[in-house]
Amino acid sequence: MSSGASGSARTRYAILGCGSVGHAVAEELTERGKDVLILDRDESRVEALRDQDLNARVQDIVEPDVVDELGDRDIVLVLASDVEANKAAVSAVRETGGDHYVVVRASDPVSEDELRERGADVVINPSTVIADSALQSLETGELEYMARQLAEIIEDGGDRMAILTHDNPEPDSIASATALQAVAEAFGVDADIIYSGDVGHQENRAFVNLLGIDLLARGEAPALSEYATVAAVDLAKAAAEDLDLDVSVDIYLDHLESEVPFDARFVDVRTNVSSTSTILTKYLQEFDQSPSEAVATALLYGIRAETLDFKRDTTPADLTAAAYLHPFANHDTLEQVESPSMSPETLDVLAEAIQNREVQGSHLFSTAGFIRDREALAQAAQHLLNLEGITTTAVLGIADEKIYLAARSKDIRLNIGNVLDEAFSEMGDAAGHSTQGSLEIPLGIFTGIEASGENRDTLLHLTEEAVRRKLFDALGVEGGSGDGSNGS
């Protein structure tokens, strides 16, 4: 390669074999102002290329002396339709010991392997390229088709829409609902975002407050029957019957399959992305709606939260959606959301979890006792995961006659959500994925003891012992009987 080349503007190209593919590449490179030499054995073709003011010479690329024609060309594209000729050309280039960057055309997977073995840097199979292009066009067309369907349901459904999030909504669910609300409003439809449970996590509360997102608690909202259209977003593993709905769902959007499929008029579930916020971003783009600062900030935070800031199960679609949202978002607000002040309740739960921790190998179990804010358990589990040598944490708490457990893991060999489901699904509700999980069990299942002032300590001890043993057994951890250290 020429020693003086220092950038793409000075890169010099050679195209060996100039059929329809080579011709198209040569024209595109020439239009970009590149220095292109074309070598082909067909004299009439070379003459035609010269008539188009292209630099072409007659040369059979099968012959070893083809290398002499390359001179100080930097990139060699071997694009003949005859794959045997391409093999000979690659071998000739490599046998001279030159450092040309070689791109070559194959005809099938077998020839791809052979060309790589002969020293090609990049091998292109036209069939694969066409298939990829067709799939990309199909994906674009499918989104356009589904966007038209979604628009029709929103526009024809009346002037009021209810958008349901999952219980105790998290950023992805809230952000998705906020974006769908913006889409509805663009079509002249007023939409309310309705949730059940609590917005408990301090980051989630900061998220809602700083962005001015209006949420209606299910008990304070109008009856769903008063809305012309009902949508549900990011309900994950919730089934329709768990939502206690007295109306049918018209629109259902999620990035995970529901355990019991929703019977909605419009369903878009895409398991090839990692957040529902990514799906809603694509719809905003398809509707040619530039997001407001609040909506863009919410969606970007939803994607970041669901992918652990792009460190978990992130797909190219998540990254492109985030890149699109980035210039519209308020990054000072994002920083405030991600660094909220810690509530006294959360601090108390964290202190209890630190004090009561038990470590078995790289696994940590702890209890926070009787709690008021169950969201604090997840924060404690996440904080404890930062301890040296710890890869999996679980923190237990009791509230409202129920046992709650939050778990976190950074062990790539482990799916903590599956572990909780397999160990406790017959006793209560377990949910989660590879890096985090949650558990909710009726208090009486393990003990049969009612919670009262005189037996609270006994109840807590029995509950902790039973859950810890069952969890450690499910993890395959020895010492589940309580003989571990506190990691001091």
Side-chain angles (χ1 to χ4, degrees), residues 1 8 11-67 69-71 73-96 98-145 272 315-317 319-320:
M1 195 175 293
S8 59
T11 303
R12 307 181 73 203
Y13 296 80
I15 296 177
L16 279 57
C18 197
S20 58
V21 174
H23 188 195
V25 172
E27 284 191 323
E28 179 64 28
L29 288 173
T30 301
E31 286 181 9
R32 296 182 185 182
K34 305 299 183 181
D35 183 351
V36 181
L37 169 66
I38 301 170
L39 302 179
D40 194 277
R41 68 181 180 182
D42 189 320
E43 292 186 12
S44 61
R45 183 180 299 161
V46 168
E47 190 64 31
L49 292 169
R50 288 173 176 169
D51 289 342
Q52 299 175 48
D53 294 327
L54 295 172
N55 180 14
R57 301 177 194 170
V58 176
Q59 172 66 49
D60 189 345
I61 67 172
V62 174
E63 299 299 327
D65 61 356
V66 68
V67 178
E69 298 292 332
L70 296 180
R73 298 282 154 177
D74 305 294
I75 297 179
V76 178
L77 299 101
V78 188
L79 301 176
S81 57
D82 182 352
V83 72
E84 294 302 323
N86 291 348
K87 291 177 186 178
V90 172
S91 295
V93 171
R94 286 301 180 224
E95 285 170 4
T96 62
D99 60 351
H100 303 281
Y101 191 82
V102 178
V103 180
V104 60
R105 174 181 175 177
S107 59
D108 52 50
V110 174
S111 60
E112 284 185 50
D113 293 339
E114 292 178 353
L115 287 163
R116 287 193 180 93
E117 290 174 0
R118 295 185 183 218
D121 294 292
V122 175
V123 180
I124 300 170
N125 186 340
S127 298
T128 303
V129 173
I130 294 170
D132 290 343
S133 178
L135 289 172
Q136 185 175 359
S137 299
L138 177 62
E139 183 178 345
T140 301
E142 182 181 25
L143 178 59
E144 182 180 344
Y145 170 71
N272 62 333
T315 70
L319 293 173
T320 56

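Fair warning: this is a prediction, and the values are worked out from it, not measured in the lab.
- Surrounding CZ of Arg41 are at most 12 heavy atoms belonging to other residues, nucleotides or ligands under 6.0 Å away.
- Val129 is linked by a side chain to side chain contact (heavy atoms under 4.5 Å, CB included) to Ile124, counting only residues two or more places apart in sequence or in another chain.
- Partner of Val93 under the side-chain contact (heavy atoms from CB on, under 4.5 Å) criterion, chosen from Ile61, Val78, Val102: Val102.
- With a 4.5 Å cut-off on side-chain heavy atoms, Val36 and Leu54 do not count as touching.
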Criterion side chain to side chain contact (heavy atoms under 4.5 Å, CB included) on His23 and Ile38, from CA distance to verdict: CA-CA 9 Å; His23 188 195; Ile38 301 170; over 6 Å; no
Leu70 and Leu16: CA distance, side-chain angles, deciding distance, side chain to side chain contact (heavy atoms under 4.5 Å, CB included) verdict: CA-CA 10 Å; Leu70 296 180; Leu16 279 57; 3.8 Å; yes
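- Applying the salt bridge (Lys or Arg N to Asp or Glu O under 4.0 Å) rule to Glu144 yields the partners Arg148; only residues at least two apart in sequence or on another chain are considered.
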Verdict with supporting geometry, Arg116 and Glu112, salt bridge (charged side-chain N to carboxylate O under 4.0 Å, His left out): CA-CA 6 Å; Arg116 287 193 180 93; Glu112 284 185 50; 3.7 Å; yes
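- Looking at Asp74, its side chain does come within 3.5 Å of a backbone N or O of Arg12 through a donor-acceptor pair.
- Using a 4.5 Å heavy-atom threshold, the side chains of Cys18 and Leu49 count as touching.
- Using modelled atom types, no side-chain atom of Arg118 and backbone atom of Val90 make a donor-acceptor pair closer than 3.5 Å.
- Atom CZ of residue Arg45 and atom CG of residue Asp40 lie 4.5 Å apart, to the nearest 0.5 angstrom.
- For the pair Pro109 and Asn125, the minimum side-chain heavy-atom distance is below 4.5 Å.
- With contacts defined as side-chain heavy-atom distances shorter than 4.5 Å, the pair Leu115/Lys87 qualifies.
- Across all non-hydrogen atoms, the minimal contact from Val66 to Asp60 is CB-O, 4.3 Å.
- No side-chain donor-acceptor contact under 3.5 Å links Arg73 to the backbone of His100.
- What you find for Tyr101 and Asp121 is that their closest heavy atoms are CA-OD2, 3.4 Å.
- Using modelled atom types, one side-chain atom of Asn86 and one backbone atom of Ala80 make a donor-acceptor pair closer than 3.5 Å.
- Across all their heavy atoms, Gly22 and Ile15 have their closest contact at O-CD1, 3.8 Å.
- Heavy atoms only, all atoms of each residue included: Ala120 and Val123 are closest at CB-CG2, 3.9 Å.
- Not a single salt bridge (Lys or Arg N to Asp or Glu O under 4.0 Å) links Glu63 to another residue, sequence neighbours left out.
- Taking every heavy atom of both residues into account, Val83 and Ser111 meet most closely at CG2-CB, 3.7 Å.
- Here the straight-line distance linking atom OH of Tyr13 with atom CG of Asp35 works out to 10.5 Å at 0.5 Å rounding.
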Side chain to side chain contact (heavy atoms under 4.5 Å, CB included) assessment of Thr315 paired with Asn272: CA-CA 7 Å; Thr315 70; Asn272 62 333; 6.0 Å; no
